[in-house]
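The next block holds one structure in the form of structure tokens; read it before the comments.
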Amino acid sequence: MKKKIIVDDKMQKTHYYLTEEIGENFDTDFEPELSPKELLALGIFGGKYMTDSKSEFPDDWFENAKLATNGRDIALNYYEVDASMPLQHWQDKGWINPVDPRGWFQWYCRYYYGRRLEEEDRRQIKRWKAMKRHLGAVKKNCLKGDLTCRKKQRQALLHWAYDSRKI
């Protein structure tokens, strides 16, 4: 299976190939708790993530997605807090690979969809694993089930496909 995906959005005009079935054959070190579809429905990135690139991914990912119609709307985030840094910050830190100019979540959507890029996958999985330290901070400082405790950290975890509602 090699399906060609055409990308034509505000940040990128390119293509890539899917080599795995959707949601299948993940690296053994990568166990996200939520799919892109679930994350979009819960509310992430102020609803302003990928609003111009919906045609790249399956339509059903966007059926219940909380997407902003204009600028970012923090009220659309699950925890209703801003847990994002501007894209420029990520670019300045050198954390953005041009293959995925929107960053980690774009990489995750494409990985989940079935694209594999060995070196970039390894790099992004390492970054995903590093976010786990925030799980420990929430567990240490919050009562189980208190979703009002450390909302910014919980929202950030959600952005990285950790289900912070379980903590």
Side-chain angles (χ1 to χ4, degrees), residues 1-68 72-73 76-79 83-85 87 90 95-136 138-139 145 147 153-167:
M1 171 195 124
K2 251 192 166 186
K3 180 180 176 186
K4 184 177 183 176
I5 302 297
I6 304 296
V7 179
D8 184 9
D9 61 39
K10 291 177 184 174
M11 294 186 76
Q12 201 173 36
K13 296 192 184 333
T14 188
H15 68 275
Y16 61 87
Y17 293 94
L18 303 180
T19 58
E20 299 292 344
E21 294 294 327
I22 189 167
E24 302 281 331
N25 299 318
F26 285 14
D27 185 288
T28 55
D29 286 339
F30 186 53
E31 297 175 354
E33 297 173 341
L34 296 160
S35 69
K37 177 182 177 175
E38 291 169 317
L39 292 168
L40 290 165
L42 284 169
I44 54 173
F45 302 106
K48 197 58 186 155
Y49 207 93
M50 300 183 348
T51 54
D52 67 321
S53 58
K54 291 174 14 180
S55 64
E56 181 181 339
F57 301 103
D59 291 339
D60 74 311
W61 285 18
F62 300 94
E63 287 172 358
N64 297 307
K66 293 183 179 180
L67 299 177
R72 282 186 330 141
D73 181 356
L76 294 173
N77 280 349
Y78 185 82
Y79 291 98
S84 300
M85 297 294 279
L87 181 60
W90 296 90
W95 294 334
I96 301 293
N97 183 324
V99 74
D100 297 316
R102 296 172 196 251
W104 186 86
F105 187 65
Q106 184 176 46
W107 168 85
Y108 176 46
C109 289
R110 290 171 173 176
Y111 186 89
Y112 192 94
Y113 199 22
R115 184 195 71 180
R116 297 295 183 269
L117 302 172
E118 188 176 342
E119 187 175 323
E120 182 61 4
D121 296 349
R122 211 173 348 192
R123 183 182 81 88
Q124 293 289 13
I125 291 168
K126 182 179 178 181
R127 294 180 67 225
W128 172 81
K129 288 171 72 174
M131 280 299 292
K132 199 166 196 167
R133 71 184 185 279
H134 293 285
L135 287 171
V138 173
K139 287 177 184 176
L147 300 184
Q153 234 171 353
R154 288 176 182 272
Q155 184 70 41
L157 285 162
L158 202 57
H159 290 175
W160 288 77
Y162 288 100
D163 194 348
S164 55
R165 299 170 301 168
K166 295 179 179 179
I167 305 170

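Not measured: the values here are computed from a predicted model.
- Ring centroid separation for the pair Phe45 and His159 comes in under the 6.0 Å cut-off.
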Criterion side chain to side chain contact (heavy atoms under 4.5 Å, CB included) on Gln153 and Leu135, from CA distance to verdict:
CA-CA 8 Å; Gln153 234 171 353; Leu135 287 171; over 6 Å; no

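- Side-chain contact between Tyr108 and Leu39 is present, with heavy atoms from C-beta onward closer than 4.5 Å.
- Among all heavy-atom pairs drawn from Lys4 and Tyr17, the shortest one is CB-CE2, 3.5 Å.
- The heavy-atom pair separating Tyr49 from Gly103 by the smallest distance is OH-N, 3.9 Å.
- Lys66 places none of its side-chain heavy atoms less than 4.5 Å from the side chain of Asn77.
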Checking Arg72 against Ser84 for the side chain to side chain contact (heavy atoms under 4.5 Å, CB included) test, could you report, in this order, the C-alpha distance in whole Å, the side-chain angles of both residues, the deciding distance, and whether it holds?
CA-CA 11 Å; Arg72 282 186 330 141; Ser84 300; 3.8 Å; yes

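- Between Gln12 and Asp9, some side-chain heavy-atom pair lies under the 4.5 Å cut-off.
- Residues passing the ring pair (Phe, Tyr, Trp, His ring centres under 6.0 Å) test with His134, sequence neighbours excluded: none.
- Contact annotation: the side chain of Trp104 approaches that of Arg127 to within less than 4.5 Å [non-hydrogen atoms, C-beta and beyond].
- In terms of heavy-atom proximity, Met131 sits nearest to Ala156 at CE-O, 3.9 Å.
- Here Trp95 pairs with His89, Trp90 under the ring pair (Phe, Tyr, Trp, His ring centres under 6.0 Å) rule; sequence neighbours left out.
- The heavy-atom pair separating Lys37 from Trp61 by the smallest distance is CG-CA, 3.7 Å.
- Rounded to the nearest 0.5 angstrom, Ser53 OG and Gln106 CD are separated by 6.5 Å.
- Across all non-hydrogen atoms, the minimal contact from Asp52 to Met11 is OD2-N, 4.4 Å.
- A salt bridge links Glu120 with Arg123: at least one charged nitrogen is closer than 4.0 Å to a carboxylate oxygen.
- Distance check: Lys3 NZ to Thr19 OG1 gives 13.0 Å after rounding to the nearest 0.5 Å.
- Residue Lys10 places its NZ atom among 12 or fewer non-hydrogen atoms of other residues, nucleotides or ligands, all under 6.0 Å distant.
- Side-chain atoms of Glu119 and Val99, non-hydrogen and from C-beta on, never get closer than 4.5 Å to each other.
- Within a 6.0 Å radius of NZ in Lys54, other residues, nucleotides and ligands contribute 12 heavy atoms or fewer.
- Under the 6.0 Å distance and 45° angle rule, Arg116 counts as a cation-pi partner of Tyr111.
- For the side chain to side chain donor-acceptor pair (under 3.5 Å) with Trp107, the qualifying choice from Asn97, Asp121, Asp100 is Asp121, the only one to do so.
- Proximity of a side-chain donor or acceptor of Arg154 to a complementary backbone N or O of Ser164 within less than 3.5 Å is detected.
- Remark: side-chain polar atoms of Asp8 are not paired, donor with acceptor, to backbone N or O of Lys13 under 3.5 angstrom.
- Using a 4.5 Å heavy-atom threshold, the side chains of Tyr79 and Arg165 count as touching.
- Shortest non-hydrogen contact noted between Gly46 and Leu76 is O-CD1, 4.0 Å.
- Between Cys109 and Tyr113 there is no side-chain heavy-atom pair separated by less than 4.5 Å.
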Please table the atom pairs, donor to acceptor, closer than 3.5 Å between any side-chain atom in residues 22-34 and protein atoms at least two apart or in another chain.
from: Asn25; atom 1: ND2; to: Glu20; atom 2: OE1; distance (Å): 2.6
from: Asp27; atom 1: OD1; to: Asp29; atom 2: N; distance (Å): 2.7
from: Glu33; atom 1: OE1; to: Asp163; atom 2: N; distance (Å): 2.5

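- For the pair Arg110 and Glu56, the minimum side-chain heavy-atom distance is below 4.5 Å.
- Rounded to the nearest 0.5 Å, atoms CG (Asn64) and CD (Glu38) are 11.5 Å apart.
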